[in-house]
Colleague: 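Dumping the structure here so I can ask a few things about it.
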Protein chains: 4
Amino acid sequence: MPRAAPRTARGNRTRARLVESAEQVFADVGYHDASIVKITEHAGVGLGTFYLYFDGKLEIFDEVVEDLNRRVRHAMAEATEAAPNRIEAERAGFRAFFRFTAEHPALYRIVRQAEFVSPAAFRMHYTRIVEGYIEGLTAARASGEIGDVDPTVAAWVLMGIGELVGMRWVRWAAAGAMDSDSEPGPADTMDVPPDVFDQVMGFIQRGLAAVALDRQDPQDGHHPHDTDDRSDDRTEQT
Amino acid sequence: MPRAAPRTARGNRTRARLVESAEQVFADVGYHDASIVKITEHAGVGLGTFYLYFDGKLEIFDEVVEDLNRRVRHAMAEATEAAPNRIEAERAGFRAFFRFTAEHPALYRIVRQAEFVSPAAFRMHYTRIVEGYIEGLTAARASGEIGDVDPTVAAWVLMGIGELVGMRWVRWAAAGAMDSDSEPGPADTMDVPPDVFDQVMGFIQRGLAAVALDRQDPQDGHHPHDTDDRSDDRTEQT
Amino acid sequence: MPRAAPRTARGNRTRARLVESAEQVFADVGYHDASIVKITEHAGVGLGTFYLYFDGKLEIFDEVVEDLNRRVRHAMAEATEAAPNRIEAERAGFRAFFRFTAEHPALYRIVRQAEFVSPAAFRMHYTRIVEGYIEGLTAARASGEIGDVDPTVAAWVLMGIGELVGMRWVRWAAAGAMDSDSEPGPADTMDVPPDVFDQVMGFIQRGLAAVALDRQDPQDGHHPHDTDDRSDDRTEQT
Amino acid sequence: MPRAAPRTARGNRTRARLVESAEQVFADVGYHDASIVKITEHAGVGLGTFYLYFDGKLEIFDEVVEDLNRRVRHAMAEATEAAPNRIEAERAGFRAFFRFTAEHPALYRIVRQAEFVSPAAFRMHYTRIVEGYIEGLTAARASGEIGDVDPTVAAWVLMGIGELVGMRWVRWAAAGAMDSDSEPGPADTMDVPPDVFDQVMGFIQRGLAAVALDRQDPQDGHHPHDTDDRSDDRTEQT
DNA sequence: AATGAATGAGCGTTCATTCAT
DNA sequence: TATGAATGAACGCTCATTCAT
């Protein structure tokens with residue numbers, strides 16, 4: 001039942017227009033208020049045409065999520081590529097992420113909606129990004145560039161930071177700037193202000209650093225040596 | 001048209017039952033699949049009764065969000081209260097937040113949906129939590145307990161961490177444990193595993209610490225001693 | 001999920017109007033060309049009202065079939081009641097059946113469509129009628145009124161006769177009379193012509209009679225005196 | 001607009017494949033759930049090709065009915081051919097009809113659906129079969145093989161018997177045997193059980209016989225001499 | 001002769017909301 | 001205060017049919 005892939009160049013164009021339009025419409029009005037008619041009208045094709053290429057609303061949504069995922073990861077990977085070390089890589093990665101968020105409001109809105117619309121797609125999105133992070137962090141830890149942090153935990157921590165900072169200084173700023181539903185346009189595109197960005201990166205840099213701070217009162221049953229990878233060498237702190 | 005507040009005790013009870021039921025239903029099936037009938041049935045009142053107390057679906061949703069917000073903040077404040085210092089306060093706050101998330105899946109689901117359903121309620125939720133954070137962090141910075149971090153930025157950073165770690169280790173764990181749509185029940189309630197929790201708190205502790213790292217130039221370019229110099233000067237921390 | 005039965009007198013009226021309208025519309029245009037809108041418009045109620053009382057098109061169809069079934073059986077039972085013997089009962093039953101068919105074109109059309117629309121309802125219809133027949137025929141056989149025929153087989157044979165004779169002389173005649181889609185109206189109502197009726201009843205009477213024809217071997221092969229011997233011994237009948 | 005007949009051998013093959021496929025699909029899923037795509041896919045041709053040979057769905061349906069009609073009549077005629085007398089002819093004809101029904105579920109389903117899909121085709125089907133019957137019965141009556149029955153009435157009576165007995169013991173048996181939607185296959189093919197068959201044929205034999213049973217109470221306004229062909233010679237009964 | 005991309009009227013169904021009781 | 005019958009706009013989706021290739 002999955003609709004056949006288009007067999008002609010014309011079909012390919014139509015399909016692509018539909019995905020683009022869907023991204024636009026989902027971002028603009030949200031999954032639930034998006035209707036197939038809105039999508040097809042935006043794409044300039046007939047309603048029935050939609051069902052030539054997609055099984056339904058959910059299917060095109062998943063495809064849009066996948067598409068966006070591919071694109072953010074590409075943007076982040078590209079930005080990170082030339083970085084001389086992990087911290088610079090993080091700076092570049094966050095920069096790229098915020099820029100992408102600013103320029104593609106769709107990413108943010110659509111991914112967050114996916115949580116309730118298509119949990120599988122949602123998990124896929126985060127899982128793939130996490131994988132990239134883990135790879136980089138594992139290498140950085142091995143080379144001593146960063147401290148002895150658990151790459152998986154650190155990955156989620158970093159994503160959390162990116163997500164809420166992006167929400168506050170990119171999304172909200174944009175919303176405040178336009179103050180209404182008017183199309184944002186390139187001029188309205190907001191990026192995280194430099195000082196905030198530096199604050200954030202400072203936090204991250206310290207958080208990842210090979211530093212351990214002394215903490216004595218083990219309440220709650222959790223002791224410093226609960227896990228194996230928080231090793232003793234952390235004691236040579238001040 | 002805004003509905004009058006109930007004038008009788010019976011009316012008060014009815015209204016309260018409706019809010020409770022709405023929270024339950026919104027959490028279970030999401031805003032869009034929740035219907036007024038479902039809510040009134042759950043509350044055991046007639047359909048028409050709903051409109052005696054609320055203007056519509058959106059209005060009761062806002063009220064549910066507000067209610068939840070009050071409750072998380074209460075839980076976190078209570079947990080934080082007795083903490084001897086900021087770091088312990090954070091530990092206690094995060095602990096409380098994760099517990100609340102585990103025990104009230106509604107909070108998580110409903111708040112995240114609010115972003116698209118009722119942006120105003122959504123902002124209100126975060127803004128109020130941020131206010132609490134800022135207060136605590138400002139005091140901690142003044143007393144030298146933490147480094148010279150911008151309280152607002154730190155607040156958002158911390159919330160981001162809490163949100164995604166909670167998503168990964170509380171929400172996903174619960175989903176994995178129940179493996180289906182069965183009611184989670186108290187037994188299935190998942191908390192963040194101790195080692196992960198410690199990792200997270202370690203990251204936060206370092207991130208908030210008064211560590212001076214030598215990187216000061218705000219631009220994203222490269223600069224002289226980027227590479228390994230994080231370790232040495234970190235010693236002059238508190 | 002089966003819709004609740006109406007709780008008020010008004011609701012009962014609405015529901016009944018819907019069933020009537022559905023019968024009318026299904027009979028007029030057939031199940032597939034009948035739409036819920038047509039039914040609700042005919043009933044003079046809003047579209048949504050339909051779904052207050054029925055789960056869908058199929059469900060109301062089943063109900064219409066059941067209703068019709070009840071009514072034919074009632075008509076036939078009533079007609080048969082006073083009959084002095086089985087043969088008279090059959091005459092009266094067939095008469096009643098043809099009259100019902102003529103006056104309620106719905107019965108015929110709807111039941112026949114049920115075969116493909118709702119096989120279960122279709123079988124139910126025939127099964128119930130068969131049960132009535134079997135009862136009567138079993139008694140008649142026991143009392144020697146009719147020959148040693150298998151009541152079940154005879155029941156189906158009789159129904160087959162009724163159905164196709166009804167089709168030919170009631171339905172086709174009516175169709176021919178109106179010659180178009182115009183409403184038939186009572187004047188156009190056709191009954192089986194008396195001579196045809198008598199022919200049919202004659203056939204049935206002989207078929208059911210305690211005639212022993214000499215052909216007894218059940219196999220489909222050929223046997224000794226196949227040819228002409230039917231005539232002679234038939235005389236020793238009642 | 002009626003499509004041209006194919007002008008090439010290839011065209012002829014394509015057209016024939018389409019008719020075959022249509023028969024299959026109509027039988028499998030019914031007229032209304034059959035779609036042109038299903039038919040063309042089954043035939044292995046492109047969708048557009050269909051409209052090269054047929055004006056639409058209805059047109060190919062009519063052709064399928066006509067085709068089936070030709071085939072049943074052929075089967076029955078062939079079976080009847082060698083029969084030494086009318087009764088044997090009936091036995092052989094019914095046998096053939098039941099077998100055809102069992103082996104070609106399509107016949108049964110499609111013809112019955114035709115009643116609502118294409119009334120003209122439906123009438124044509126019965127009319128043609130009736131013609132065959134009338135011919136045989138007229139001859140039989142002339143030769144005294146059967147009683148003085150009206151050939152037309154008898155024809156419909158016989159068809160009615162065949163149809164409902166076939167429905168009950170062929171179609172329903174098959175449905176019961178397969179118990180689901182699985183393809184019946186030759187092994188599942190059901191025929192009317194021998195004893196039922198004999199009962200049915202006994203009934204028919206008596207019904208057609210030159211016997212008249214006395215019937216005195218002319219209620220209902222119909223007297224023995226209502227029609228001309230129920231002639232007086234019927235009086236020499238017991 | 002053959003194809004399949006494109007179309008849109010029309011379907012069954014849902015649900016927030018109103019209002020007479 | 002409480003009810004639930006009634007409504008209809010709007011949705012997702014299907015499919016017979018056309019037509020450019």
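The structure presented is a predicted model; accordingly, all values stated were derived computationally and were not measured. Below, chains carry the letters A, B, ... as their sequence lines are ordered, and counting in each starts from 1.
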Colleague: Across all strands shown, which nucleotide pairs with E/dA1 by Watson-Crick or G-U wobble geometry, both distances under 3.5 Å?
Modeller: none
Colleague: Please tell me which of A/Thr8 and C/Leu58 maps to the more 5' nucleotide of DNA chain E, matching each residue to the nucleotide holding its nearest heavy atom.
Modeller: A/Thr8
Colleague: Rounded to the Å, how far apart are C/Phe54 CZ and F/dA6 C1'?
Modeller: 15 Å
Colleague: Provide, to the nearest angstrom, the distance between the CD atom belonging to C/Glu59 and the C1' atom belonging to E/dG12.
Modeller: 12 Å
Colleague: Report yes or no: does D/Asp62 contribute a side-chain atom to a donor-acceptor pair with the main-chain N or O of D/Ala121 at less than 3.5 Å?
Modeller: no
Colleague: Would you indicate what A/Val45 reaches in the nucleic acid, counting non-hydrogen atoms under 4.0 angstrom: base, sugar-phosphate, or nothing?
Modeller: sugar-phosphate
Colleague: Give none if E/dA20 has no partner; otherwise give the nucleotide forming a Watson-Crick or G-U wobble pair with it, both distances under 3.5 Å.
Modeller: F/dT3
Colleague: When you measure from the side chain of C/Lys57, which nucleotide among E/dT13, F/dT14, E/dT17 comes out closest?
Modeller: E/dT13
Colleague: Could you check which of F/dA6, E/dA5, E/dG12 has an atom nearest any side-chain atom of C/Tyr51?
Modeller: E/dG12
Colleague: Return the nearest nucleotide to the side chain of B/Leu47; candidates are F/dT3, F/dA6, F/dT17.
Modeller: F/dA6
Colleague: Considering only F/dT17, F/dC13, E/dA16, which nucleotide approaches the side chain of D/Ile36 most closely?
Modeller: F/dT17
Colleague: Mind calculating the distance between CZ (D/Phe50) and P (E/dT3) to the nearest angstrom?
Modeller: 14 Å
Colleague: Check the phosphate of E/dT3 against D/Thr49, side-chain N and O only, distance under 4.0 Å to OP1 or OP2. Yes or no?
Modeller: yes
Colleague: Can you tell me which nucleotide in E/dA1, E/dT13, F/dT3 comes closest to the side chain of D/Arg10?
Modeller: E/dA1
Colleague: 5'-most contact on DNA chain F: A/Gly56 or D/Ser35, nearest heavy atom basis?
Modeller: A/Gly56
Colleague: Could you tell me how far apart A/Leu52 (CG) and E/dG8 (P) are, to the nearest whole angstrom?
Modeller: 13 Å
Colleague: Rounding to a whole Å, what distance do you find between A/Glu41:CD and E/dA6:C1'?
Modeller: 16 Å
Colleague: Between C/Lys57 and C/Tyr31 (side chain of the first, backbone of the second, donor and acceptor by atom type, cut-off under 3.5 Å), is there such a pair?
Modeller: yes
Colleague: Could you give the NZ-to-P distance, from A/Lys38 to E/dG8, as a whole number of Å?
Modeller: 19 Å
Colleague: Using the side-chain heavy atoms of C/Thr14, tell me which of these nucleotides is nearest: F/dT1, F/dA6, E/dT17.
Modeller: F/dA6
Colleague: Under 3.5 Å, side chain of C/Thr49 to main-chain N/O of C/Val45, donor-acceptor pair present?
Modeller: no
Colleague: What integer distance in Å separates C/Arg13:CZ from F/dA6:P?
Modeller: 9 Å
Colleague: Is there a side-chain hydrogen bond (donor to acceptor under 3.5 Å, both in side chains) between C/Glu115 and D/Tyr108 once you walk through the steps?
Modeller: CA-CA 11 Å; C/Glu115 181 164 12; D/Tyr108 184 86; 3.0 Å; yes
Colleague: Where the side chain of B/Thr14 meets the backbone of B/Arg10, is there a donor-acceptor pair that is under 3.5 Å apart?
Modeller: yes
Colleague: If you find the nucleotide of DNA chain F closest to D/Ala34 and the one closest to A/Ala34, which residue's nucleotide is nearer the 5' end?
Modeller: A/Ala34
Colleague: OP1, OP2 of E/dA1 versus side-chain N and O of D/Tyr53: anything below 4.0 Å?
Modeller: no
Colleague: Would you find a donor on one side and an acceptor on the other, under 3.5 Å apart, between the side chain of C/Gln113 and the backbone of C/Ile110?
Modeller: no
Colleague: Rounded to the nearest angstrom, tell me the gap between atom CD1 in A/Ile39 and atom C1' in E/dT7.
Modeller: 18 Å
